[in-house]
Amino acid sequence: MPEGDTIHRAAARLHAALAGQTVLRSDVRVPRFATADLSGDVVDEVVARGKHLLMRIGEVTVHSHLKMEGAWHLMRRGDRWRRPAFEARMVLDTTATSGAPWQAVGFALGELDLVSRDAEHEVVGHLGPDPLADDFDRAEALRRLTADPARPIGLALLDQRCVAGFGNDYRNELLFLRGVRPETPVGEVDVAAALDLGVRLIRANVHRDERTTTGDTRKGQRLYVAHRDGRPCRRCGTPIARGLLGDDALTERITWFCPSCQR
């Protein structure tokens with residue numbers, strides 16, 4: 001699932017192409033909003049909130065969440081789509097100040113909602129502070145993360161109600177860097193230090209096409225533990241272990257950790 005830095009980059013690309021343009025045609029291919037028509041409205045801005053993408057068009061906000069398979073493709077109108085038409089959930093054709101008009105297509109979106117601009121809280125109001133936002137509230141993020149001292153730190157960091165934007169890669173990487181196992185209770189962790197490290201990591205990667213936590217941008221060298229089960233720890237050589245952690249069987253996600261470096 002794309003993490004906050006990926007969504008912020010996607011929002012920036014869409015905003016650069018679409019902001020200020022007029023919608024010539026909109027086609028929403030989900031039953032609940034199939035009759036919506038945004039033609040004639042102006043795209044004011046495209047922004048990210050954690051892992052959620054918000055297109056503010058006229059009096060409407062188009063809210064989407066990519067989940068595992070979703071993507072927004074931006075192309076010149078008339079270009080061939082790079083994914084099958086049956087996966088398209090929304091199509092926006094706009095004017096263009098120069099060159100061919102833009103077309104934005106949302107494929108296989110995990111969530112798609114159209115709400116009035118003054119009702120955005122209905123789709124993103126539950127989210128915690130976004131470390132990539134200009135108004136990131138560190139104190140509030142820390143308060144939410146530490147609200148339940150018995151909760152595993154690995155679950156708190158993935159909870160978008162605590163901090164909006166950290167995904168599984170960041171969760172596992174920053175816990176390795178802090179020397180903490182994912183199942184360790186929040187009350188036994190220096191949560192402030194973990195949060196500050198996570199903020200630095202995601203901010204350092206927001207302008208990179210390929211995420212790195214090691215500082216090495218070469219393929220296969222970018223991460224310490226995530227997706228590296230069985231391979232040697234980059235610090236001590238111990239094979240990286242793999243586990244599962246979740247509030248229940250439906251929410252379990254993979255964890256990666258070094259049995260020696262993380263206690």
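In this text the structure is predicted, and so the values were computed from the model without any measurement. Heavy atoms only: backbone and side chains are in, while hydrogens, waters and symmetry mates are out.
At distances below 3.5 Å, not a single donor-acceptor pair connects side-chain atoms of Asn205 with backbone N or O atoms of Ile202. Not a single donor-acceptor pair under 3.5 Å links the side chain of Thr22 to the backbone N or O of Val42. Listed for the Arg151 side chain is no donor-acceptor partner under 3.5 Å among the backbone atoms of Ala147. Of the possible polar contacts, none joining the Gln262 side chain to the Ser260 backbone as a donor-acceptor pair under 3.5 Å is found. With hydrogens and angles ignored, the 3.5 Å screen pairs a side-chain donor or acceptor of Glu173 with a backbone N or O of Ala226. Remark: the backbone N or O of His63 is not paired with any side-chain donor or acceptor of Thr61 at under 3.5 angstrom. The backbone N or O of Arg218 lies less than 3.5 Å from no partner atom in the side chain of Glu210, so there is not a single donor-acceptor pair. A side-chain donor-acceptor contact under 3.5 Å links Glu3 to the backbone of Asn168. Between the side chain of Asp130 and the main chain of Gly50, a donor-acceptor pair closer than 3.5 Å is present. At distances below 3.5 Å, not a single donor-acceptor pair connects side-chain atoms of Arg117 with backbone N or O atoms of Glu59.
Hydrophobic clustering (ILVMFWY, side-chain heavy atoms < 4.5 Å, transitive): Val28 and Leu24 are in distinct clusters. Cluster annotation: Leu245 is not connected to Val180 through the hydrophobic network of ILVMFWY side chains, with a link wherever side-chain heavy atoms come within less than 4.5 Å. Hydrophobic clustering (side-chain heavy atoms under 4.5 Å, transitive across Ile, Leu, Val, Met, Phe, Trp, Tyr) keeps Val43 apart from Val91. Hydrophobic clustering (ILVMFWY, side-chain heavy atoms < 4.5 Å, transitive): Leu155 and Ile254 are in distinct clusters. By the rule that hydrophobic residues join a cluster once side-chain heavy atoms approach within less than 4.5 Å of another member, Leu158 and Ile153 end up as members of separate clusters.
Side-chain atoms of Asn172 and Trp256 form no donor-acceptor pair, as typed in the model, at a separation below 3.5 Å. Side-chain N/O atoms of Gln21 and Thr94 include no donor and acceptor closer than 3.5 Å. A donor atom on one side chain and an acceptor atom on the other are found under 3.5 Å apart for Gln221 and Arg234.
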> Where do Asp190 and Arg178 land on the side chain to side chain contact (heavy atoms under 4.5 Å, CB included) test, with the steps shown first?
Replying inline: CA-CA 9 Å; Asp190 185 344; Arg178 290 298 305 164; 4.0 Å; yes
> Yes or no on side chain to side chain contact (heavy atoms under 4.5 Å, CB included) for Leu114 and Met55, after CA distance, side-chain angles and deciding distance?
Replying inline: CA-CA 9 Å; Leu114 274 66; Met55 293 182 177; over 6 Å; no
>> Working note: Glu120 + Arg49, criterion salt bridge (charged side-chain N to carboxylate O under 4.0 Å, His left out); need CA distance, chi angles, decisive distance, verdict.
In response: CA-CA 11 Å; Glu120 282 186 10; Arg49 176 76 187 279; over 6 Å; no
>> Assess the residue pair Arg138 and Asp196 against the criterion (salt bridge (charged side-chain N to carboxylate O under 4.0 Å, His left out)); give the C-alpha distance rounded to whole Å, side-chain angles, the decisive distance to 0.1 Å, and a yes or no.
In response: CA-CA 9 Å; Arg138 177 185 181 274; Asp196 290 343; 2.7 Å; yes
>> Assess the residue pair Val163 and Leu157 against the criterion (side chain to side chain contact (heavy atoms under 4.5 Å, CB included)); give the C-alpha distance rounded to whole Å, side-chain angles, the decisive distance to 0.1 Å, and a yes or no.
In response: CA-CA 7 Å; Val163 183; Leu157 287 169; 5.8 Å; no
> Checking side chain to side chain contact (heavy atoms under 4.5 Å, CB included) for the pair Thr212/Leu223: CA distance, chi angles, key distance, verdict?
Replying inline: CA-CA 6 Å; Thr212 178; Leu223 302 175; over 6 Å; no
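Asp169 and Arg211 are joined by a salt bridge, as a carboxylate oxygen and a charged side-chain nitrogen come within less than 4.0 angstrom of each other. Between Arg203 and Asp5 there is no salt bridge, since no side-chain nitrogen of the basic residue lies less than 4.0 Å from a carboxylate oxygen of the acidic one.
Note on ring orientation: taking the six-membered ring where Trp is involved, the planes of His52 and His126 are perpendicular (angle over 60°, cut-offs 30° and 60°).
Looking at Arg32 and Asp113, their side chains come closer than 4.5 Å, going by heavy atoms from C-beta outward. The shortest distance between side-chain heavy atoms of Ser26 and Asp37 falls below 4.5 Å. Residues Leu38 and Val62 meet the side-chain proximity criterion, which asks for heavy atoms closer than 4.5 Å. Using a 4.5 Å heavy-atom threshold, the side chains of Cys258 and Tyr224 count as separate. Using a 4.5 Å heavy-atom cutoff, the side chains of Arg25 and Gln103 are in contact. Counting heavy atoms from C-beta on, the side chains of Arg29 and Phe86 never come closer than 4.5 Å. Taking 4.5 Å as the limit, every side-chain heavy atom of Trp102 sits out of range of all side-chain heavy atoms of Asp93. With a 4.5 Å cut-off on side-chain heavy atoms, Phe257 and Arg242 do not count as touching.
For the atom pair CZ of Arg89 and OG of Ser64, the computed distance is 12.5 Å after rounding to the nearest 0.5 Å. Taken to the nearest 0.5 Å, the CD atom of Glu188 stands 13.0 Å off from the CZ atom of Arg181. Expressed to the nearest 0.5 Å, how far CZ of Arg82 lies from CD of Glu87 amounts to 12.5 Å. To the nearest 0.5 Å, the span separating CZ on Arg13 from CG on Leu18 amounts to 12.0 Å. Rounding to the nearest 0.5 Å places OG1 of Thr255 at 9.5 Å from CG of Leu175.
No more than 12 heavy atoms of other residues, nucleotides or ligands lie within 6.0 Å of CD in Glu69, so this atom counts as exposed by the packing criterion. No more than 12 heavy atoms of other residues, nucleotides or ligands lie within 6.0 Å of CG in Asp134, so this atom counts as exposed by the packing criterion.
If you look at Trp81 and His73, their ring centroids are not closer than 6.0 Å.
When all heavy atoms of Leu109 and Ala71 are compared, the closest pair comes out as CD2-O, 4.1 Å. Between Arg171 and Gly154 the shortest heavy-atom distance is NH1-O, 2.7 Å.
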